[in-house]
Amino acid sequence: MNIKDLPEDENYFTPGHTACAGCAAPIIVRNMMKIFGKDTIVYTPANCLLVFGGTYPYLSWKVPYLHEAFENTGSCIAGVSRAYKKKGKKVTVVGFAGDGGTYDIGIQALSGAAERNEDAIYVCYDNEAYMNTGIQRSGSTPYGASTTTTPAGKKIPGKLEHKKDMAEIMRAHQIPYVATMSIAHPKDFLEKTKKAKETEGFRYLHVLSPCPTGWRADPAKTVELARKAVDCGMWTLYEAEYGEITNIYKPKKKIPVEEYIRGQGRFRHFTPEMVEELQRWVDEKWERLYGEKP
Amino acid sequence: MYEIRFHGRGGQGGRMAAEAYALAAFLEGNYAVSFPFFGAERRGAPVRAFTRVDKEKIRIKTQVYEPDYVVVLDETLIETEDVLEGLKENGMVIINTTKKPEEVRLSRPVRCATVDATSIALDVLGRAITNTAILGAIARATGEVGIESVEKAIIEKFGARLGEAAGKKNAEAARIAYEKTLIGTSQGGKAFVPKKRWLPDVNELPVGGAIGTLQTDAGLVGIGSFIENKTGDWRTFMPEIDKEKCIGCKICWFYCPEGCISMVDGKAIVDYDYCKGCGICANECPVKAIEMKREVRI
């Protein structure tokens, strides 16, 4: 599966949405929807995508679409999926949640749906903070990032804690399919999406989604940042089936984390010690996932 | 008392402009308040901000409905809404545009000041953030505050947020705009059709509020209806594709957040009705066939 295999005229997420220029979320959603196809039911909890994808009565979605509360994406996609099963209809049920709705607010409903192995796809588009409400830190925000609730200044140097490894938490649920993805690797991105569609049971897809507004970066550099995140090891691409990692991507050349954080306003205040601390965290994660020192 | 209404787009800094203006007026011994008004939209959507200045304490807390001055940070806004709405008879409008005041067409002839704040911002700051340059134009056009107070307010307000050097650069942008502002009278006669809204009564509303695609007097509503929301007027830079160089690899087609690039005869084509000018296509093109060019709207 590659870019050229995608249908050209099928668009289930139309232009005219109101995402900020350079937002990665519509890139993720539009291309995934080309693979999920027209027999898809979409659910979104509170997130940017909910707002920019439609403000009643206007909508970018061209498939049945619903929104409930912030915390229950897992339960809602489970309910929709079971209702269609009862009716004997074969559909793909997808929930698109942000990192806040996954790491923090939605984790109990998500964990429950995963544990019951509901037949649905859960997509977390991870922009590493609550961007919709004005850039507040979430469990996903990396160490040192300046957000409106962890403003870098005299008292604190940005967020004090490291990013929670949500994909690993989902892998521990031993569900049929877990994949971490990046828009900077289109072939990998599309193949994982296709595999998720074709798998039965609970599937968890996790995509890093650079946010020019919240990361205070150049909108044109969105894909470049997604690429650098993988190359430096801040973001790791792998697939896991029933808890076992079956496929893991290793960057040909590992770049220092400093190259990734440069150009992002949220890291502008970084001292050499802070860069070192972030590099230490990345190297530990690298060793854990690849089973060898970087 | 005098009141100012700012029209801008999310991310252009209309709110900061309104606040910095209030600070400049305050530094000259006035009372001043300012606040923004916007919906749930993202960057790029129209945003309003207000400033009130008085010698007395200000008790009124409402939005500004009858402004003495209207400030337009983005000239595309004068095409889609009547920015003069409620403007006082002898009021004045200050617009960021490359045009002369006499070339600007509005709903009626009014006192009008123009300045090319976007070019000034690009020259001095390297970014199309026009909120500080426009402050210089307001000082020049209205004479209500001195340019020195504006510079001081900018250094204080923006310097605290972006660092001292950035504060000074922004003050410089204001000073240049102050010197380049043109004052005259606009043309009138431009007609605006008020945008209709879909307001169904209880009997017309579908069960659960769920709708398919519906053609109404107010245009499309429901599934896929955002297609009628043209986001092309958000951009400052536009991508230009060199057809000779384009190899039809579809990378830009894949990466366009708007999904507004299509492939015709194996070459990429941009639909400028939706393009927000983010520049991802130009940055990712493997053969550098796409160039981002400053767009000047006429």
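The shortest distance between side-chain heavy atoms of B:Phe226 and A:Phe13 does not fall below 4.5 Å. No side-chain heavy atom of B:Val221 sits under 4.5 Å from any side-chain heavy atom of A:Tyr56.
With a 6.0 Å radius and a threshold of 12 heavy atoms from other residues, nucleotides or ligands, B:Gln63 has its CD atom above the threshold. When the shell of 6.0 Å around NZ of A:Lys86 is examined, it contains 12 or fewer heavy atoms from other residues, nucleotides or ligands. Within 6.0 Å of NZ in B:Lys250 there are more than 12 heavy atoms belonging to other residues, nucleotides or ligands. Counting heavy-atom neighbours within 6.0 Å of B:Arg197 CZ, excluding the residue itself, gives a total of 12 or less.
When every heavy atom of A:Pro26 is checked against every heavy atom of B:Pro257, the shortest pair comes out as CB-O, 3.2 Å. When all heavy atoms of A:Cys20 and B:Trp234 are compared, the pair lying nearest together is CA-CZ3, 4.5 Å. A:Leu59 approaches B:Gly222 most closely through the heavy-atom pair CB-O, 3.4 Å. A pairwise comparison of heavy atoms in B:Tyr255 and A:Pro186 identifies OH-CG, 3.6 Å as the closest pair. When all heavy atoms are compared, the tightest approach of B:Gly259 to A:Pro15 is O-CG, 3.9 Å.
For A:Leu6, the parts lying under 4.5 angstrom from a heavy atom of chain B are both the backbone and the side chain. With a 4.5 angstrom heavy-atom cutoff, B:Leu220 touches chain A only via backbone atoms. With a 4.5 angstrom heavy-atom cutoff, A:Val63 touches chain B only via backbone atoms. Only the side chain of A:Leu190 comes within contact range of chain B, judged by heavy atoms closer than 4.5 Å. In this structure, chain A has no heavy atom under 4.5 Å from any part of B:Lys230. Proximity to chain A is absent for every atom of B:Cys281, based on heavy atoms less than 4.5 angstrom apart. Within the 4.5 angstrom heavy-atom criterion, no atom of A:Tyr12 approaches chain B.
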*asked:* Would A:Asp218 and B:Asn283 count as a side-chain contact (heavy atoms from CB on, under 4.5 Å) here? Give the steps.
replied: CA-CA 11 Å; A:Asp218 180 354; B:Asn283 202 54; over 6 Å; no
*Intermediate values then yes/no, side-chain contact (heavy atoms from CB on, under 4.5 Å), A:Tyr58 and B:Asn229*: CA-CA 9 Å; A:Tyr58 308 109; B:Asn229 183 36; over 6 Å; no
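To the nearest 0.5 Å, the span separating OG on B:Ser262 from CG on A:Asp9 amounts to 11.0 Å.
For residues 21-46 of chain A, the set of pairs meeting the side-chain hydrogen bond (donor to acceptor under 3.5 Å, both in side chains) definition, not counting sequence neighbours, comprises A:Tyr43-A:Asn72, A:Thr44-A:Tyr65. Applying the side-chain hydrogen bond (donor to acceptor under 3.5 Å, both in side chains) definition to pairs two or more places apart or across chains, none involves residues 207-227 of chain B.
Contacts between residues 265-276 of chain B and chain A, defined by a heavy-atom separation under 4.5 Å, are made by B:Tyr274, B:Lys276.
The side-chain contact (heavy atoms from CB on, under 4.5 Å) search around A:Ile255 returns A:Lys228, A:Asp231, A:Cys232, A:Glu259, not counting sequence neighbours.
A:His17 places no side-chain N or O within donor-acceptor distance of the main-chain N or O of B:Ile227, the cut-off being under 3.5 Å.
Under 4.0 Å is where a charged nitrogen must lie from a carboxylate oxygen, and between B:Glu284 and A:Lys221 no such pair does.
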